[in-house]
Amino acid sequence: MEGVDVPCHFLCPISLQLMKDPVTISTGITYDRESIEEWLFSCRNKTCPVTKQVLHDEDPTPNHTLRRLIQSWCTLNASRGVEPIPTPKAPIDKTQIAKLISDAKRFPHLRMKCLSRLRSISLESDRNRSCLEAAGAVDFLASIIKNSNDSISSPEVEAFDDGTSSTDLTRLSDEALSTLYHLKISESQNKALISKDGGFVESLIEVLKHGNYQSRAYSIMLLKSLYEVADPIQLVSVGREFFFEIVSVLHDQVSRQATKAALKLLVEICPWGRNRVKAVECGAVFVLIQILLETSEKTECELTLTVLDLLCRCADGRAELLQHEAGLAIVSKSILRVSDVASDRAVKILCSVCKYSASNRVLQEMLQVGAVAKLCLVLLVDSRLRSKERARDILRLHTRAWSNSPCIPLHLMSSYPSS
């Protein structure tokens, strides 16, 4: 508001903008609601921005007196271009959310309406999402997903004891999945869900099996969040069926977001040897190679090569890579083409192959597809030091097979390390 002197106590201490909805927190400092809620819920701070005191109560109290003063000041200065500030709508509270959940439990015909309202509330603000979580919405939504899928997979069991049709059960599950995903639930809630007796993870796997593309996407993204906070025992105990469904999401190209979530999930669970074997048995290597052949998106390439590197640390994974006609070629092509991270992962894959699976056929194929030339090029460019060391080790390891090959351009042959 150029040319208008705004009283300093009308300005939010965080943004120095005119407050539209002043609220006072437990330290006695008044802020604009939007600014303080962004500080508390989006940025996840637990202190007062001004006093730095820890806040034990994050619910601010509306400062009606100051709001009326600001509204009066705006009215008095309307002729100078100051726009009036409408009376703000009261924010949702835990009591209202608890009533919605209670109504959904008691009245079957209101369930879909209540779920839609919960999703609408979750999309409005981070503050609302935090309020939903505090009111028990996470457990309620998880139970809807589980009960719906239990009844769909076992028709003799009636979910909620009300004979809801399978079509309605699917719609309920889809709506609950969407809401749960948009809640962006906290780490502690994710830990509680993955540890929860009653098989919530199994319910998400059922959605991956039978759900539509959108529900499968929500399911794989929720599983990714769960396993990011899982403990080692939970990571190691993942079943073969779990891997099959992850690979199916990648194969079906459910969505770009779902593909990245599935790849990140494999990164979380494949450092363990048994999990690598399970992933390979479910066809992961073939699908990963297909992704590399079809995508040029940087993050997707990096994640794919990271998973492929993990799988090539077991004999079965390397065998699958070498069996694919384009396996060595596409990995080699990724070097010095996508990013430093992608190059590093691709060189590590070739390192695993050359150390443990280097038959004469494999060594000749590496020459023919340009892998050896790429390794020589890595030594010449300003790339990661560790990648250079690995490339040099690979070239030295097979110097008899490669050092005099006509497949290596003359300008790169000079970089070939001496034995």
Side-chain angles (χ1 to χ4, degrees), residues 240 243 247 250-251 263 266-267 269-293 301-338 341-379 383-384 386-408 412 415-417 419:
R240 190 176 183 277
F243 285 96
V247 173
L250 294 173
H251 177 271
L263 291 169
L266 288 174
V267 171
I269 60 183
C270 284
W272 283 268
R274 283 183 291 176
N275 286 351
R276 293 172 192 160
V277 173
K278 292 172 191 173
V280 173
E281 288 174 348
C282 292
V285 173
F286 181 88
V287 173
L288 293 169
I289 293 171
Q290 291 303 122
I291 291 174
L292 287 176
L293 288 169
C301 285
E302 291 175 348
L303 287 168
T304 304
L305 287 164
T306 299
V307 178
L308 203 52
D309 168 40
L310 290 169
L311 300 187
C312 283
R313 296 180 195 181
C314 70
D316 291 347
R318 293 190 296 273
E320 289 290 313
L321 174 75
L322 297 174
Q323 190 175 342
H324 195 295
E325 292 182 355
L328 282 175
I330 192 61
V331 170
S332 305
K333 186 179 179 181
S334 302
I335 298 175
L336 303 177
R337 185 182 180 89
V338 180
V341 172
S343 297
D344 181 66
R345 301 299 185 271
V347 171
K348 287 175 74 176
I349 292 168
L350 295 181
C351 188
S352 293
V353 169
C354 289
K355 280 187 176 181
Y356 306 111
S357 305
S359 64
N360 287 332
R361 181 191 70 80
V362 169
L363 295 179
Q364 290 306 308
E365 184 179 350
M366 288 184 68
L367 278 171
Q368 293 167 5
V369 301
V372 181
K374 273 291 184 78
L375 292 171
C376 291
L377 192 57
V378 168
L379 300 181
S383 59
R384 290 188 173 192
R386 193 71 189 94
S387 296
K388 285 190 175 186
E389 291 174 356
R390 287 196 184 96
R392 187 176 287 109
D393 290 343
I394 296 170
L395 293 170
R396 282 176 176 165
L397 185 62
H398 299 293
T399 186
R400 290 185 180 181
W402 295 337
S403 59
N404 296 312
S405 173
C407 294
I408 305 176
L412 294 179
S415 66
Y416 201 103
S419 55

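Below, each value reflects all heavy atoms present in this structure, side chains not excepted, and no hydrogens, waters or symmetry copies.
- Checking side-chain atoms of S352 against main-chain N and O of R313 turns up no donor-acceptor pair under 3.5 Å.
- Considering all non-hydrogen atoms of both residues, L292 and C301 come closest at CD2-O, 4.1 Å.
- Salt bridge E389/R386: present, at least one basic N to carboxylate O contact under 4.0 Å.
- The side-chain heavy atoms of H324 and L321, taken from C-beta on, include no pair separated by under 4.5 Å.
- Between C376 and L395, some side-chain heavy-atom pair lies under the 4.5 Å cut-off.
- I394 approaches C354 most closely through the heavy-atom pair CG2-SG, 3.5 Å.
- Remark: L328 CG to K333 NZ distance equals 14.5 Å, nearest 0.5 Å.
- The OG atom of S387 sits 8.5 Å away from atom CG of L336, with the distance rounded to the nearest 0.5 Å.
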Fill in: side chain to side chain contact (heavy atoms under 4.5 Å, CB included) evaluation trace for S343 with V378
CA-CA 9 Å; S343 297; V378 168; over 6 Å; no
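- Taken to the nearest 0.5 Å, the SG atom of C314 stands 12.5 Å off from the NZ atom of K278.
- Of the possible polar contacts, none joining the W402 side chain to the L397 backbone as a donor-acceptor pair under 3.5 Å is found.
- The minimum heavy-atom distance linking S334 with A346 is given by the pair CB-CB, 4.4 Å.
- Note that CG of L288 and CD of E320 are 11.0 Å apart. Values are rounded to the nearest 0.5 Å.
- Annotation: side chain of F286 is not in contact with side chain of V247 (no heavy-atom distance under 4.5 Å).
- Here the closest non-hydrogen pair linking A391 and V347 is N-CG1, 4.1 Å.
- When the options R390, K348, R345 are evaluated for a salt bridge (Lys or Arg N to Asp or Glu O under 4.0 Å) with D309, the one that passes is K348.
- The distance from the CG atom of L308 to the CD1 atom of I289 is 6.0 Å, given to the nearest 0.5 Å.
- Partner of L266 under the side chain to side chain contact (heavy atoms under 4.5 Å, CB included) criterion, chosen from T306, L250, N275: L250.
- Proximity of S332 to L350: side-chain heavy atoms (C-beta onward) are separated by under 4.5 Å at one or more points.
- Applying the salt bridge (Lys or Arg N to Asp or Glu O under 4.0 Å) criterion to R274, with sequence neighbours excluded, gives no partner residue.
- Nearest approach of G317 to V280, heavy atoms of both residues: CA-CG2, 3.7 Å.
- Remark: R318 CZ to D316 CG distance equals 9.0 Å, nearest 0.5 Å.
- Using modelled atom types and a 3.5 Å distance limit, the side chains of H251 and Q290 yield no donor-acceptor pair.
- The two residues V362 and S357 come nearest to each other via the heavy atoms CG2-O, 3.6 Å.
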